[in-house]
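Input: a single structure, listed below in structure tokens.
Both ligands and their constituent atoms are indexed starting at 1 by order of listing.
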Amino acid sequence: MPTLANTRLDLPPRTDLEAEIRRLKEERNAVLLAHYYQESEIQDLADFLGDSLALAQAAEKADQDVIVFCGVHFMAETAKIVNPTKTVVVPDLEAGCSLADSCPPEALAEWKAAHPEYAVIAYINCTAGVKALADCICTSSNAERVVASFPEDQPILFVPDRNLGAWLNKKTGRDMKLWQGTCIVHETFSERKILDLRAEYPHAEFIAHPECEPAILRHADFIGSTTALLNHVKTADADELIVGTETGILHQMQRLAPGKRLIAAPFEGEESCRCNECPHMKLNTLEKLYLCLRDLKPEIVMDEELRKAARVPLDRMLALG
Ligand code: 13P
Ligand code: SF4
């Protein structure tokens, strides 16, 4: 039961944050949605915990007055797009994403204009402006299904993740043109150190998220979205697993597979950089969550025309299941 005095964030002294967050959730008729990359104490308070797809689906179905979104900006924006009558608030409006930042809508509009015969599939890690230019959205959970929903002879532009795109090209045999964005967390893993670790733990499986670079993915025994990795850890025969994704997921993995040894995949650079933690996701804290429920801000506010345009490709994805 963390209590603290924090004048910087304007908290009353010795606030029992967890109890207050639970109380305010009731009072505000709010639902707390959280991504698996959140701090463990936020995960433990969430009404619904999921990957990007499950969170978009949960946001669409939410019937409370307020959606409190503990993830990053594009996720909360997606919640507002699919459920516009709700008040959507976030603990920190600055929680962004390197993939979303890599692809400004104006640059995508130019790329599209240069390839008029191409359809656009946008990974959900992008801004509403980019979604509005896409034919369909995908997440790492449903990306293969989304690609397969386009005719085989349909040329496709895939934005913004070049690593997920390259993995999809390999899996589906397509030749999608790829935007050159990357995730700052998933591009950080060290091939050399992973091979050293495999030598040290010869019976361990190496599992990885498709946002990782091809040089890493080629060593993986299993590749999947956050939820797929979680399910795999539960069912895998291996008792030791090297996990190539953001470390926030280890909290639920260890809970679901308490007897297994989970080893965070090593990254390039100094231990102190904690490069396998998403700095954007970790901007959300219990203190900011409390304040956001108390003050109902910062709120996600969107231009209605943009929201409607971004909803079309999101609905197409959601209809695919
Ligand atoms: P998923 O939740 O779809 O696996 O995506 C991972 C991620 O990096 C979210 O930003
Ligand atoms: Fe974006 Fe990567 Fe952070 Fe996910 S983990 S929010 S893809 S920077």
What residue and atom, counting heavy atoms only, is the protein's closest point to [atom], and at what distance?
{"atom": "atom 3 (O) of ligand 1", "answer": "Ser140 OG, 3.0 Å"}
{"atom": "atom 8 (O) of ligand 1", "answer": "Glu211 OE2, 3.1 Å"}
{"atom": "atom 4 (O) of ligand 1", "answer": "Thr226 OG1, 2.4 Å"}
{"atom": "atom 10 (O) of ligand 1", "answer": "Asn125 ND2, 3.3 Å"}

Charged N to carboxylate O below 4.0 Å: is that the case for [X] and [Y]?
{"X": "Arg255", "Y": "Asp44", "result": "yes"}
{"X": "Asp47", "Y": "Lys25", "result": "yes"}
{"X": "Arg294", "Y": "Glu20", "result": "no"}
{"X": "Lys260", "Y": "Asp239", "result": "no"}

| field | Sub-4.0 Å atoms of ligand 1 with respect to non-hydrogen atoms of Met75 | value | 9 (C), 10 (O)
| message | Need the ligand 1 atom indices (1-based, order shown) with element for anything under 4.0 Å from a heavy-atom of Tyr123. | response | 5 (O)
| query | Can you tell which part of His35 has a heavy atom less than 4.0 Å from ligand 1: side chain, backbone, both or neither? | reply |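 The answer is the side chain of His35.
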| remark: Under 4.0 Å between heavy atoms, the region of Tyr36 that gets near ligand 1 turns out to be neither
| message | Please check whether Ser52 reaches ligand 1 - meaning an N/O of the residue sits under 3.5 Å from an N/O of the ligand, judged on distance alone. | response | yes
| field | N/O separation below 3.5 Å, His209 to ligand 1 | value |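 It does: an N or O of His209 is found under 3.5 Å from an N or O of ligand 1.
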Quick check against the 3.5 Å criterion: does [X] have a side-chain atom that pairs as donor or acceptor with the backbone of [Y]?
{"X": "His186", "Y": "Thr182", "value": "no"}
{"X": "Asn83", "Y": "Ala59", "value": "yes"}
{"X": "Arg145", "Y": "Leu320", "value": "yes"}

| message | Does Lys177, at its NZ atom, have more than 12 non-hydrogen atoms belonging to other residues, nucleotides or ligands within less than 6.0 Å? | response | no
| field | Between Gln154 and Tyr118: side-chain donor-acceptor atoms closer than 3.5 Å | value |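 No, no side-chain donor-acceptor pair sits under 3.5 Å.
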| Just by distance, with hydrogens left out, do Gln38 and Asn284 show a side-chain donor and acceptor under 3.5 Å apart? |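 Result is yes, a qualifying pair exists.
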| Metal environment of atom 2 (Fe) of ligand 2, protein N/O/S under 2.8 Å |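 Correct list: Cys183 SG.
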| request: Step through it carefully: locate the ring centre of Phe222, locate the ring centre of His232, and say whether they are under 6.0 Å apart. | output: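 Yes.
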